[in-house]
Number of protein chains: 2
Amino acid sequence: MKGVPAPTVKRLVLYYHYLEELIRNEREQIISSVELGKGVGVSAAQVRKDLSYFGSLGCKGVGYQVDILRKQLGKIIGFNQRWPVVLIGAGNLGRALVYYEKFRELGLEIVEIFDCDLNKIGNKVATIPVRSNKEMEELVRQKGIKIAVIAVPAEEAQQVAELLVRAGIQAIWNFAPVHLKLRKDIVVIAEDLSSGIGCLIFNLKNII
Amino acid sequence: MKGVPAPTVKRLVLYYHYLEELIRNEREQIISSVELGKGVGVSAAQVRKDLSYFGSLGCKGVGYQVDILRKQLGKIIGFNQRWPVVLIGAGNLGRALVYYEKFRELGLEIVEIFDCDLNKIGNKVATIPVRSNKEMEELVRQKGIKIAVIAVPAEEAQQVAELLVRAGIQAIWNFAPVHLKLRKDIVVIAEDLSSGIGCLIFNLKNII
DNA sequence: TAGATTGTTAATCGATTAACAATC
DNA sequence: TAGATTGTTAATCGATTAACAATC
C-alpha cells in the first residue's frame with residue numbers, strides 16, 4: 001500500500017462515510033463513480049483513480065456495489081479492527097475526544113488517559129481514570145498500545161511525544177499546533193485546529 | 001490575495017505559531033528561512049516561496065525579523081481582527097470548542113450557541129445560553145455574523161448549513177464528516193476528525 | 001570585500017483530469 | 001447489439017524544489 005497519495009487516503013474516508021449513509025438510508029444497492037463523486041464533492045475520474053489503487057473494486061458497465069465497497073474501504077483504511085489508544089491531556093479537548101462517539105465506531109478505543117496536572121489525576125473521564133504521566137511508559141509498554149492522541153498545550157507536546165515514542169508508540173494524532181520532531185518511522189497526523197481557523201479567516205477576508 | 005495555494009495558507013499558520021513561541025521564549029530577534037523551516041518541518045525554499053506571495057517580508061543577506069514577521073503574518077491570515085462566530089451543536093465537541101482557549105486568541109469569539117435538542121436549549125455553556133435553532137436566522141442576521149461552526153451530527157449538517165447561508169453566513173467551519181452542497185461563494189473548511197483517524201490507521205497499518 | 005540569505009525564475013515532481021479501450 | 005461505466009494510460013495542471021542573481 002505504498003505509493004497511495006495522502007489526499008487519496010483522506011478521500012477514502014469520505015467515500016466510506018457516504019456509503020455508510022446510503023446503507024443507513026437504504027438507498028440504491030449500486031452506485032456509479034459519478035454519483036459517489038457528486039456525493040462527496042469530487043470528480044468521477046478522481047473517484048475511479050482513488051479506488052483503482054486497491055484493485056478492481058467495481059464492475060465495468062455497472063458501477064460499485066454499495067455494501068461491498070463500504071466493507072472493502074473499511075478494510076483498506078483499517079476501520080475494521082479495534083485499536084487501543086492512549087490519550088495524553090485531560091483538558092477540554094481531550095475530554096471531548098473521550099466522549100466522541102465516532103471515534104469508537106471507527107475502531108479507536110481510548111483505554112488510558114494521562115495528564116501531568118495533579119488536580120486532574122485521579123479524576124475519571126467517562127469510566128476511565130486519569131493517571132499521572134509518570135505511569136505512562138510502563139502501562140503503554142505493558143499493554144502494547146501503538147496509538148496515542150496528544151491533546152496537551154503546545155509547549156508540552158514535543159516532550160510528551162518523545163516519552164510516547166520511548167514507550168513504544170508508533171502513531172500519534174497530534175492536536176497541538178507544533179511540528180513534532182521524531183524518528184522518521186513514527187506516523188504523525190497533525191490535527192491542528194488553528195490551521196483550520198486560519199484557512200477559514202483567510203478565505204473569508206479575501207472574498208469580502 | 002487570490003492565487004495563494006491552500007497548502008501555503010496552512011503553513012502560514014504554522015509559521016505564525018512558531019514565531020509566537022520564539023517571542024514567548026525571548027529567543028533570537030532574527031530568523032532565517034532555514035531555521036524557520038526546521039522549526040515547522042518544511043524546506044527553506046518552501047518558506048521563502050510561501051512568504052513571497054505577500055511581498056518582501058525579509059531582508060536579503062540577513063533574514064526575517066521575528067516580531068515583525070509574526071505581526072505581518074497575523075495581518076495576512078486575519079488573526080488581528082475579532083470575528084464573532086455562531087456555534088451550532090452543543091454536544092461534547094461543540095462544548096469543547098467553546099472552552100478552547102486558542103480559538104479566542106486567534107480572533108474567533110463564539111457569541112451564540114444553537115441546538116435543536118430541547119434538553120440542551122436553555123442551558124448555558126460557559127456564559128453563553130443555548131438557544132433553539134429556530135431563533136438562529138433572526139439573531140445571525142441582526143448581529144451581522146459571518147462565520148459559523150457546525151458541530152452537529154452528520155445527518156443534520158446539510159440542513160443546518162442551508163439555514164445558516166439563508167441567514168447570511170459566509171464561512172463555515174464544518175466538523176461533520178459530510179460534504180456540504182452550498183453556493184460556490186460560501187467558504188467551507190472541512191474539519192472532519194474522522195479523516196484524521198483514517199490517515200492515522202491507514203499509515204500505521206502500512207508500516208507495521 | 002567576503003559571507004550570508006533573500007526573492008524569484010526555471011526545473012522537477014506529483015496529483016488531477018481527460019480520454020478511451022475493455023467489458024458488463 | 002446498444003448503452004453504461006469501469007480501470008488505466010496519457011495529458012494537464014499545480015505545487016515543490018533547486019538554483020542563482022540581487023543585496024545586505
Side-chain angles (χ1 to χ4, degrees), chain A residues 1-15 18-19 22 28-70 72-73 76 179 190 195 199 202-203, chain B residues 1-15 18-19 22 28-70 72-73 76 179 190 195 199 202-203:
Chain A
M1 294 304 165
K2 253 309 171 55
V4 180
T8 291
V9 180
K10 284 191 95 174
R11 285 189 298 266
L12 293 181
V13 179
L14 296 182
Y15 304 150
Y18 188 73
L19 295 170
L22 287 184
E28 314 77 11
Q29 310 289 298
I30 300 281
I31 192 169
S32 69
S33 58
V34 173
E35 293 169 294
L36 184 47
K38 273 200 190 119
V40 304
V42 148
S43 76
Q46 186 71 270
V47 171
R48 294 200 299 277
K49 180 89 208 191
D50 285 341
L51 297 179
S52 74
Y53 287 107
F54 309 99
S56 226
L57 306 185
C59 182
K60 286 184 181 187
V62 181
Y64 302 88
Q65 190 155 348
V66 173
D67 56 347
I68 292 182
L69 184 58
R70 201 266 320 244
Q72 283 172 317
L73 285 177
I76 288 165
H179 169 70
S195 81
C199 295
F202 181 86
N203 287 300
Chain B
M1 293 305 166
K2 254 304 169 62
V4 180
T8 291
V9 180
K10 283 191 95 171
R11 284 190 298 266
L12 293 181
V13 179
L14 296 183
Y15 304 150
Y18 188 73
L19 295 170
L22 288 184
E28 313 77 11
Q29 309 290 298
I30 300 281
I31 193 170
S32 69
S33 57
V34 173
E35 293 169 294
L36 183 47
K38 272 201 189 116
V40 304
V42 148
S43 76
Q46 185 70 269
V47 171
R48 294 200 298 277
K49 180 89 207 189
D50 284 342
L51 298 179
S52 74
Y53 287 106
F54 308 98
S56 227
L57 306 185
C59 181
K60 286 185 180 184
V62 180
Y64 301 88
Q65 191 156 346
V66 174
D67 55 348
I68 292 182
L69 183 58
R70 202 265 322 244
Q72 284 172 316
L73 286 177
I76 288 164
H179 168 71
S195 82
C199 294
F202 180 86
N203 286 301

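The structure presented is a predicted model; accordingly, all values stated were derived computationally and were not measured. Chain naming here is simple, since letters A, B, ... match the order of the sequence lines and numbering starts at 1 in each.
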Whole-Å gap separating [atom2] ([N]) and [atom1] ([X]):
{"X": "B/Q46", "N": "D/dT17", "atom1": "CD", "atom2": "P", "value": "5 Å"}
{"X": "A/F54", "N": "D/dG7", "atom1": "CZ", "atom2": "P", "value": "13 Å"}
{"X": "B/R48", "N": "C/dT6", "atom1": "CZ", "atom2": "P", "value": "6 Å"}
{"X": "A/I30", "N": "C/dC24", "atom1": "CD1", "atom2": "P", "value": "14 Å"}
{"X": "A/K49", "N": "D/dT9", "atom1": "NZ", "atom2": "P", "value": "8 Å"}
{"X": "B/I31", "N": "C/dA4", "atom1": "CD1", "atom2": "C1'", "value": "15 Å"}
{"X": "B/L69", "N": "C/dT6", "atom1": "CG", "atom2": "P", "value": "11 Å"}
{"X": "B/D50", "N": "D/dA15", "atom1": "CG", "atom2": "C1'", "value": "10 Å"}

Kindly point out which of [options] is positioned nearest to the side chain of [X]?
{"X": "B/P5", "options": "D/dA15, D/dC20, C/dC24", "result": "D/dA15"}
{"X": "A/S56", "options": "D/dT17, D/dC24, D/dG7", "result": "D/dG7"}
{"X": "B/K60", "options": "D/dT23, C/dC24, D/dT6", "result": "D/dT23"}
{"X": "A/Y64", "options": "C/dT17, D/dT6, C/dC24", "result": "D/dT6"}

Please test B/I31 against B/Y18 for side-chain contact (heavy atoms from CB on, under 4.5 Å), starting from the C-alpha separation and ending with a verdict.
-> CA-CA 11 Å; B/I31 193 170; B/Y18 188 73; 3.9 Å; yes
Is there a side-chain contact (heavy atoms from CB on, under 4.5 Å) between B/V13 and A/F202 once you walk through the steps?
-> CA-CA 10 Å; B/V13 179; A/F202 181 86; over 6 Å; no
Hey, which of A/L51, A/D50, A/L14 is the one that makes side-chain contact (heavy atoms from CB on, under 4.5 Å) with A/L73?
-> A/L51
A/S33 and its side-chain hydrogen bond (donor to acceptor under 3.5 Å, both in side chains) partner, picked from A/K49, A/K38, A/R48 | A/R48
Closest heavy-atom pair and its distance - A/V47, A/Y15 =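 Scanning both residues, the minimum pair turns out to be CA-OH, 3.5 Å.
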Watson-Crick or G-U counterpart of C/dC13, or none if no pair lies under 3.5 Å |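 Base partner found: D/dG14.
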Pair partner, D/dA22 [Watson-Crick or wobble, under 3.5 Å] |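 Its partner is C/dT5 (Watson-Crick or G-U wobble, both distances under 3.5 Å).
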Is B/S43 near enough to D/dT17 that one of its side-chain N or O atoms lies under 4.0 angstrom from OP1 or OP2?
->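 Answer yes for this pair, as a side-chain N or O of B/S43 is under 4.0 Å from OP1 or OP2.
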For B/L57, report the nucleic acid contact type (base, sugar-phosphate, nothing); a contact means any heavy atom under 4.0 Å.
->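 Sugar-phosphate, backbone atoms only, no base.
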